[in-house]
Amino acid sequence: MTAHSNIYPTKALQELDAAHHWHPFSDMKSLNEEGSRVITHADGVWLTDSDGKRILDGMAGLWCVQVGHGRREIADAVYKQMNELSYYNTFFKTTHPPAIALSEKLAKLAPAHMNKVFYCSSGSEANDTVFRMVRTYWDKMGKPEKKVIIGRWNGYHGSTLAGTSLGGMKAMHGQGDLPIPGVHHIDQPYWFGEGHEMSPEEFGVFAARKLEETIDEIGEDKVAAFIAEPIQGAGGVIIPPETYWPEIRRILKERDILFVSDEVICGFGRLGEWFGADYYGTKPDLMPIAKGLTSGYLPMGGVMVSDRVAEGLMLAGGEFYHGYTYSGHPACAAAALANLEIIEREGLVERVKTDIGPYLQERWLKLGDHPLVGEARMKGLMGALELVPNKKDPHKPFENVGTVGTICRDISFGNGMVMRAVRDSLIISPPLVLTHEEADFLVKTAEKTLDDTYQVLKKDGWLG
Ligand code: PXG
């Protein structure tokens, strides 16, 4: 926890940033007027900005920094690898030791029936790989008419063409005329927002059966795969009712349709198991991975491939015409190996399940009593608070959805903690190394942020 003095000229940096840097998912006009926050250092779960202010990173960067910031041993592993072999490709019958070692490691960590990994540099690329792999698999199996991939509204699978299409973010579809043909979406299992007229158990089955209805409408012989996050992250930490995944599993098992479990957020311990598929007992055919694979120290993604799909793709030989210059990049693979070693050595997955997970959940769920909160929910180290104008009528949202969430998120930052706003809910997904003391700070700051937001909303006439 090093403190840094204000040695950075914040204003000058903001002006330069505004002049030349186009930020992802940002309204650049208003951002440039306001100025970006400049983050200069990070250590453990703490960020430091250019004014020397320390901020608790309640989002683990962007859902990815499992082992916390500033782990010297990952930097050392990358430095060592770069001095030995900084780059070579994995095309044309070549490979290298870090890619070999990482593949072996991932095959051990993944469910027993998944023994191969295809590498790329991000979750989006992983889902583009999925898209082509799924269709190629069915071509190889002599069923080329099986083309449709079913995703979910408000699911997130990246922002490339296939990622955006598979995801169910309508605002994203509106830019670039997406989705591409052959992608369908079903409703999400969002009980608080869309299913509260039923019990959560009834709604879980109801939401799962949307998949059955859609498959039957399109025709089983035309549907290639279903893709879903175990718990939706960017969609707002949507935790499905307990009845949802068993019913989905039944439906997929009865029909010959591949299941893609997008593990980009839920993978690598976030739910207290190595993968969300382990947590919910689903049996995926493919698993896109990224984020926690390297804890974000270097960009790397991949697709874990089941024996069934691997054998199918290799049937009768022939090339899968797909790959990236940086597939299996040696320095990224070295970062991933060092990161996974830390996760294993420090028992971080188990820690989420039996220690920091339950500790934080107990305290986070109590925030549900706050007058501004309609529902507090959390699994593993992924949590959400639904902000509502009137606690007595909790499923009725604020007008101008998104405004209150942003107000509250900005107040949180001012109070020394990053939370992410999704619509009018607040999201956390902290590093898995969060200590009890830091968890206490997190909850205390969230509570103060709710109080402060409540005062602002009351003053401005937002509350019912
Ligand atoms: N799948 C899932 C489930 C994700 O959460 C991706 C794929 C794409 O990964 P890349 O590495 O291409 O970004 C993601 C990424 C947010 C936010 O604001 C979430 C993501 C990315 C950026 C922002 O919550 N998730």
Side-chain angles (χ1 to χ4, degrees), residues 23-27 31 57-66 118-131 149 151-169 171-172 178 183 185 188 225-240 259-268 270-271 275-277 279-280 282 284 286-304 324 326-327 329 332 335-336 379-384 402 405-406 409 413 418-423 425-430:
H23 292 239
F25 281 93
S26 300
D27 173 344
L31 178 64
D57 184 5
M59 280 305 294
L62 211 41
W63 318 83
C64 54
V65 188
Q66 317 298 71
F118 187 102
Y119 292 111
C120 53
S121 303
S122 69
S124 298
E125 285 180 358
N127 281 317
D128 277 51
T129 304
V130 159
F131 196 95
I149 307 182
R152 302 184 300 182
W153 293 119
N154 200 38
Y156 189 79
H157 300 294
S159 64
T160 49
L161 292 180
T164 302
S165 297
L166 296 170
M169 300 296 181
M172 290 176 74
L178 299 171
V183 180
H185 296 88
Q188 56 180 334
F226 173 57
I227 181 166
E229 303 150 78
I231 290 176
Q232 288 152 259
V237 183
I238 308 295
I239 303 173
F259 175 50
V260 184
S261 181
D262 185 334
E263 300 281 348
V264 169
I265 284 180
C266 293
F268 303 102
R270 176 121 332 259
L271 298 183
F275 296 97
Y279 185 85
Y280 282 114
T282 56
L286 294 166
M287 293 198 310
I289 54 175
K291 295 192 189 272
L293 169 61
T294 59
S295 280
Y297 279 70
L298 284 178
M300 186 175 223
V303 180
M304 296 298 310
Y324 305 98
Y326 302 126
S327 284
H329 191 289
C332 302
K379 282 267 187 213
L381 285 186
M382 279 173 96
T406 306
R409 195 234 4 234
F413 221 101
V418 180
M419 293 197 271
R420 159 132 162 60
V422 177
R423 296 178 300 279
S425 57
L426 283 183
I427 306 299
I428 55 158
S429 169

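Indexing begins at 1, ligand by ligand and atom by atom, following the structure's order.
Here atom 24 (O) of ligand 1 lies nearest to Arg420 when heavy atoms of Arg420, His157, Gln232, Glu263 are compared. Looking at Met300, Lys291, Met59, it is Lys291 that brings a heavy atom closest to atom 20 (C) of ligand 1.
The distance criterion of under 3.5 Å between nitrogen or oxygen atoms is not met by Glu125 with respect to ligand 1. Note: no N/O pair closer than 3.5 Å links Leu62 and ligand 1 by distance alone.
Near Tyr156, meaning under 4.0 Å from any of its heavy atoms, are these atoms of ligand 1: 1 (N), 2 (C), 3 (C), 4 (C), 5 (O), 6 (C), 14 (C), 15 (C), 20 (C), 21 (C), 25 (N). For ligand 1, the atoms sitting less than 4.0 Å from at least one non-hydrogen atom of Asp262 are 1 (N), 2 (C), 3 (C), 7 (C), numbered in the order shown with element in parentheses. Residue Gly123 has at least one heavy-atom neighbour below 4.0 Å for each of these atoms of ligand 1: 8 (C), 9 (O), 10 (P), 11 (O), 12 (O). The Ser124 neighbourhood of ligand 1 comprises atoms 8 (C), 9 (O), 10 (P), 12 (O), with distances under 4.0 Å to a heavy atom of that residue. Interface atoms of ligand 1 facing Ala234, defined by a heavy-atom separation under 4.0 Å, are 19 (C), 24 (O). Every atom of ligand 1 is numbered from 1 in the order shown, and the set under 4.0 Å from a heavy atom of Ile265 is 5 (O). Near Glu229, the atoms of ligand 1 lying under 4.0 angstrom from a non-hydrogen atom of the residue are 3 (C). Heavy-atom proximity to Ser122, at under 4.0 Å, picks out these atoms of ligand 1: 11 (O), 12 (O).
Annotation: side chain of Glu229 is in contact with side chain of His157 (closest heavy-atom distance under 4.5 Å). Using a 4.5 Å cut-off on side-chain heavy atoms (C-beta onward), Pro430 and Asp57 make no contact.
Not a single heavy atom of Phe25 sits under 4.0 Å from any atom of ligand 1.
Taking CG of Leu293 as the start and CE of Met300 as the end, the distance is 6.0 Å to the nearest 0.5 Å.
Neither the backbone nor the side chain of Ala290 has a heavy atom within less than 4.0 Å of ligand 1. The side chain of Asn127, and not its backbone, has at least one atom closer than 4.0 Å to an atom of ligand 1 (non-hydrogen atoms only; side chain from C-beta on).
Atom OH of Tyr326 has 12 or fewer neighbouring heavy atoms from other residues, nucleotides or ligands inside a 6.0 Å radius.
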